[in-house]
Amino acid sequence: MNLLDGLNPQQHQAVTASPGPVLVLAGPGSGKTRVLTHRMAYQISNQNIPPQNILAVTFTNKAAREMRSRVEVLLEGDPAQASATTQMTMGTFHSVAARMIRREADVLPITREFVIFDDSDQLSVVKRIMKDLNIDPKQIPPRRVHSAISTAKNELIVSQEFPSSSYFNEIVKRVYEIYERQLLVSNALDFDDLLLFVVRLLREHEAVRNTYRRYYQHILVDEFQDTNTAQYVLLQLLTGEGPDIFVVGDPDQSIYRWRGADYRNVLRFQEDYPKAQTILLEKNYRSTQNILNLAMAIIDKHPGRQRKKLFTDRGEGELIHFHEAYDEADEANYVLEMIDRLNNEGQAEPNDCAVMYRTNAQSRVIEEAFLRTGRPYRLVGAQRFYGRREVKDLIAYLRLIHNPEDQVSLLRVLNTPSRGIGDKTVATLFSVAENAGVSPAGVLLDQAAGSGMRYEGAFSKRAGAALTEFGRMLKKWREKAAEAAAEADLGDLIDTILSDVGYQTYIDDGTEEGQDRWENVLELHSLAQEFSDLGLNIFLEHVALISDQDTLTESQNAPTLLTLHTAKGLEFPIVIIVGLDDGLIPHQRSFDDPEAMHEERRLFYVGITRAKDRLILLRSFRRRSFGTSSVAEPSRYLEDIPLDLVEGDVTGILTREQTVFRKQTSWDWQPHAEELVAQFGAGMRVKHAAFGEGIVMSSKIEQDDEEVTIEFEEHGVKILVASLAGLETLDD
DNA sequence: ATCACAATACTTTTT
DNA sequence: GTATTGTGAT
C-alpha cells in the first residue's frame with residue numbers, strides 16, 4: 001500500500017512538499033494530524049531520512065502517543081522501517097526540553113537531579129517570599145504575582161530585565177529576583193524554566209546548539225497557533241539556517257493566549273521564513289454540513305479574520321439540538337436523557353458521546369447525575385489524581401529523597417503527618433541552615449549522621465530530637481533509594497516511607513473519603529512500581545510532565561466529560577456542550593478584555609467543531625455560582641445561531657430578550673416577595689405530573705416564588721418552582 | 001504544638 | 001458549596 005493513497009490533492013501537496021519551511025493552515029477536521037503523520041512516514045519511507053533525526057512536537061503527551069501509533073501503522077508495509085518510530089523524538093515542548101536539560105545539565109546552573117515545580121509549588125514559593133518581604137497578600141494577590149512572573153518567563157524576560165514600570169511591577173520584580181534564586185538553591189525548575197533554560201542553553205552554547213541542529217534535521221509542529229514566544233524562539237534556535245520545519249495550525253482555534261500563546265506566530269513564521277510554502281487544507285472530513293454551518297455562523301462574527309468556507313460531502317446531517325433546562329441539576333439529567341435516547345435509538349454508544357463545559361467546576365453536577373444513576377463516565381483532567389493532597393505528599397517525599405535541596409517538598413513533608421515540628425522549629429531550622437551555609441535538609445542529614453555538633457544549642461531539646469529523627473529517616477530512605485536504583489524497586493521504597501511515617505493512619509480515617517485517599521496512595525505506589533526499571537529520576541519527571549489529560553482510558557463504554565480546552569484536537573460523534581449562559585460561555589472573567597472575548601468565541605467554535613454527527617447545546621435558566629443560585633442569562637452566542645439549523649426548544653434561543661423582560665417584571669413584583677408564605681414544608685408528600693410522587697425535603701421563598709426541594713421516588717432530588725410545577729399535595 | 005471549629009475568600013481555561 | 005486560613009482551647 002502506498003502511504004500517499006487516499007489523500008486529497010491539498011493533503012498530498014503538503015505531505016510531499018519539498019524540504020524547507022512549510023506552513024499548513026487548516027480548518028477543523030481537515031486531517032491536520034493525518035497530514036503530519038503521513039509527512040513523517042513519508043520522510044522515513046520515501047526520502048530515507050533517519051527516524052532519529054525527526055522531532056515532532058505536539059500539544060499533549062496523549063497526542064504524541066497517538067501520533068506514534070499512527071506512524072507505526074503507516075510504516076507497517078515497510079518491514080525495514082518496522083522499529084523506526086521508537087527512534088523518533090515525539091512529545092510536548094516541555095518533555096523534549098526536560099530531556100535536553102537533563103542531558104546538558106553540566107553547562108547549566110542545576111544538576112541532573114533537578115526537580116520540576118508545578119503550579120502549586122510555584123505558588124507556595126511566591127507566597128513564602130511575599131511573607132518574608134512583608135507584602136500583604138490581600139493587597140497584592142500572590143496568584144497575580146505568580147502569573148506575572150510566568151508570563152514574563154514565557155516572553156523570555158528574566159528578573160533583571162523585568163520593567164519596574166508600576167508599583168505592582170516593582171513588587172513583582174523584587175519577588176521574581178528572589179524566586180529565581182529560591183528555585184536555584186532548591187535545584188528546581190518550573191514549567192516555564194524548562195523552555196527558558198533550553199533557549200538559554202542553545203543561545204549561549206554554540207557546541208550544544210550545533211549538536212542539536214545536526215541531530216534534529218526535521219522538525220514538525222502540531223497546533224502551531226498555540227505556541228508562545230519561548231517556544232517559537234526555541235524552534236528558531238533548533239532549526240537554524242535552511243531548516244526543514246513543517247508546522248500545522250489554525251488561528252481560529254487559538255485558545256491559549258492567557259498562557260502566552262500567540263497566534264501571530266503564524267504571521268511571524270511567514271516573515272521569518274519568506275520562502276515558506278503555505279498550504280491550505282479546506283475540506284472537512286469530520287462534521288456534517290449543519291454543524292459546519294453553525295461553526296461558520298459563530299466564527300464569522302469574529303472581527304479581523306479572514307472568512308473561511310467550511311464544507312463537507314457528508315451531507316446536511318441532523319439539526320443542532322437546543323434545550324433550556326431549569327437548573328444545572330436538570331441540565332445534567334437532560335444530558336443523561338439525551339445519551340440514553342441516542343443509545344436506545346441505536347444512533348450512538350455511550351462511548352461516542354462527549355460532554356463539554358467551560359469550567360471544571362461544572363463537571364461536579366454532571367458527575368453526580370451519572371453516579372446517582374449508577375452509570376460510568378470518564379472524566380478528563382482537573383485534579384483528578386496528581387493534584388490530590390495525598391498524592392502530592394507522597395511525591396514530595398520522593399522528590400526530597402531524590403533532591404534534598406528541594407525546599408518546597410521539605411516544607412511540605414517536614415511536619416506531615418505532624419511530628420512535633422511546628423512553625424517556630426521550621427523557622428529556626430532555616431536560619432540555622434543559612435548561617436551554616438548548608439541547605440535545611442543538609443542540616444537534618446548532618447544531625448542524623450551525628451556530625452551535627454556545630455548546631456549545638458541551636459534547637460530546644462524537643463525540637464532537636466524531632467528534627468534528628470526526621471533526618472535519620474531521610475538518610476535511611478536515601479540509602480534505600482540508592483540501593484533501589486541498583487535493585488530497581490521503587491515500590492519497596494514507598495512502602496518503607498509509608499510505614500516509617502505512619503501515613504496510612506494519618507490519611508485513612510476510616511471514612512469513605514479516607515479510604516479513597518489511601519487508594520490513591522496505593523495507585524501511585526503501583527505506578528511507581530512500573531517505573532522501577534527506569535528509576536526515581538524518570539518517574540518524578542513523568543509525574544511532573546504528564547497531565548491528567550493524558551490518562552484518558554479507552555477501556556469502558558462510557559461518555560467522556562471534559563472542558564472545552566481539553567477537547568482541542570479531539571473528535572466525537574456526539575458532542576453535548578452545557579452551560580451556554582452568559583458568564584460561562586463567554587466567561588465573565590473575559591468581559592472587560594476584547595481580546596479575551598474573541599478567544600471565548602474561538603473556544604466555543606472549537607467545541608462545536610469537535611462534533612461529527614450530532615451537536616447538542618444546553619443551558620439552564622438558573623445556575624448556582626458560588627453558593628447561591630440565581631437567574632442566568634442565555635449566552636450571547638445563541639443570538640448568532642441561525643434558527644433554521646436548530647431543533648428542540650427553539651424558543652429558548654430567544655429567551656435572552658425574554659429574560660430581560662422577566663427581570664423587569666419581577667422588579668415590579670418585588671414588593672410582594674416578603675409577603676409570600678411557603679406552602680410546602682419538609683415531610684409533606686407531593687405528586688408531580690412528570691416526576692411522580694415524592695417527599696418534600698425543604699422549601700424556601702426565593703425572589704418572587706417558592707422553591708421546593710423534593711426527593712422523588714423515581715427521579716431523585718429536584719428543585720422545583722411551586723408556581724410552575726403544579727404540585728399536588730397528598731394525604732397519608 | 002495540635003486539634004477542632006469558624007470565618008474567609010474563591011473558580012476560567014493547562015503544559 | 002469548598003479549600004484555605006484564622007482563632008481559641010487543650
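Convention: sequence-line order gives letters A, B, ...; per-chain numbering from 1. Below, all heavy atoms of this structure are taken into account, side chains as well, without hydrogens, waters or symmetry copies.
- Evaluation of the side-chain hydrogen bond (donor to acceptor under 3.5 Å, both in side chains) rule for A:D508 yields no partner, not counting sequence neighbours.
- Taking 4.0 Å as the cutoff to heavy atoms of chain A, we find the contact window on DNA chain C bounded by C:dG1 to C:dT5.
- The salt bridge (Lys or Arg N to Asp or Glu O under 4.0 Å) search around A:D393 returns A:R412, not counting sequence neighbours.
- Stacking between A:F191 and B:dT15 is present: the aromatic ring centre lies within less than 5.5 angstrom of the base six-membered ring centre, and the two planes differ by under 30 degrees.
- Mapping A:D423 and A:D119 onto DNA chain B by nearest heavy atom places A:D423 at the nucleotide closer to the 5' end.
- Here A:D406 pairs with A:R399, A:S409 under the side-chain hydrogen bond (donor to acceptor under 3.5 Å, both in side chains) rule; sequence neighbours left out.
- If you measure from atom CG of A:L545 to atom P of B:dT15, you get 10 Å, rounded to the nearest angstrom.
- For residues 190-199 of chain A, the set of pairs meeting the salt bridge (charged side-chain N to carboxylate O under 4.0 Å, His left out) definition, not counting sequence neighbours, comprises A:K153-A:D190, A:K153-A:D193.
- Residue contacts for A:K568: at a heavy-atom cut-off of 4.0 Å it reaches no nucleic acid atom on any strand shown.
- Stacking between A:F59 and B:dT15 is absent: the aromatic ring centre is not both under 5.5 angstrom from the base six-membered ring centre and within 30 degrees in plane angle.
- Nucleotides of DNA chain B nearest to A:T359 and A:P141 differ in position, and the one nearer the 5' end is that of A:P141.
- Closest to the side chain of A:K138, from the set B:dT13, B:dA9, B:dT15, is B:dA9.
- Atom CG of A:L562 is separated from atom C1' of B:dT14 by 13 Å (rounded to the nearest Å).
- For A:D327, there are no salt bridge (Lys or Arg N to Asp or Glu O under 4.0 Å) partners at least two apart in sequence or on another chain.
- When the C1' atom of B:dT11 is taken as reference, atom CZ of A:R364 falls 13 Å away, rounded to whole Å.
- No contact: A:F93 has no heavy atom under 4.0 Å from any strand.
- Within 4.0 Å (heavy atoms only), A:R624 reaches no atom of the nucleic acid at all.
- Legend: residues meeting side-chain contact (heavy atoms from CB on, under 4.5 Å) with A:E66, ordered by chain and number and at least two apart, are A:K62, A:R70.
- Distance check on atom P: B:dT11 versus C:dG6 gives 16 Å, rounded to whole Å.
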Listing time: all N or O pairs from protein to nucleotides 2-4 of chain B that are below 3.5 Å?
{"unit_1": "B:dT2", "atom_1": "OP1", "unit_2": "A:G420", "atom_2": "N", "d": "2.6"}
{"unit_1": "B:dT2", "atom_1": "OP2", "unit_2": "A:N415", "atom_2": "ND2", "d": "3.1"}

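- An OP1 or OP2 oxygen of B:dT15 is reached within less than 4.0 angstrom by no side-chain nitrogen or oxygen of A:N154.
- A:D500 is linked by a salt bridge (Lys or Arg N to Asp or Glu O under 4.0 Å) to A:K476, counting only residues two or more places apart in sequence or in another chain.
- One atom, CD of A:Q122, and another, P of B:dT15, lie 14 Å apart when rounded to the nearest Å.
- Residues meeting the side-chain hydrogen bond (donor to acceptor under 3.5 Å, both in side chains) test with A:R305, sequence neighbours left out: A:D252, A:D300.
- Regarding A:L189, its CG atom lies at a distance of 19 Å from the P atom of B:dT15, rounded to whole Å.
- Residue A:T425 is classed as a sugar-phosphate contact, given heavy-atom separations below 4.0 Å to backbone atoms only.
- Residues from residues 585-598 of chain A placing a heavy atom under 4.0 Å of any atom in DNA chain B, listed by number, are A:H587, A:R589.
- Residues that satisfy the salt bridge (Lys or Arg N to Asp or Glu O under 4.0 Å) test with A:D581, not counting sequence neighbours, are A:R619, A:R623.
- For the pair A:Q231 CD and B:dT14 P, the computed distance is 16 Å after rounding to whole Å.
- Using a 4.5 Å heavy-atom cutoff, the side chains of A:F117 and A:V125 are in contact.
- Heavy-atom neighbours of A:R462 CZ from other residues, nucleotides or ligands within 6.0 Å: at or below the threshold of 12.
- Counting heavy-atom neighbours within 6.0 Å of A:D132 CG, excluding the residue itself, gives a total above 12.
- Side-chain N/O atoms of A:T563 include one lying less than 4.0 angstrom from OP1 or OP2 on B:dT14.
- Proximity of A:R257 to A:D226: side-chain heavy atoms (C-beta onward) are nowhere separated by under 4.5 Å.
- Rounded to a whole Å, the CZ atom of A:R144 is 12 Å from the P atom of B:dC10.
- Which of B:dA1, B:dT13, B:dT14 sits closest to the side chain of A:K424 comes down to B:dA1.
- Comparing the C1' positions of C:dT4 and B:dT13 gives an interatomic distance of 22 Å, to the nearest angstrom.
- In this structure, A:D581 atom CG and B:dT11 atom P are separated by 21 Å, rounded to whole Å.
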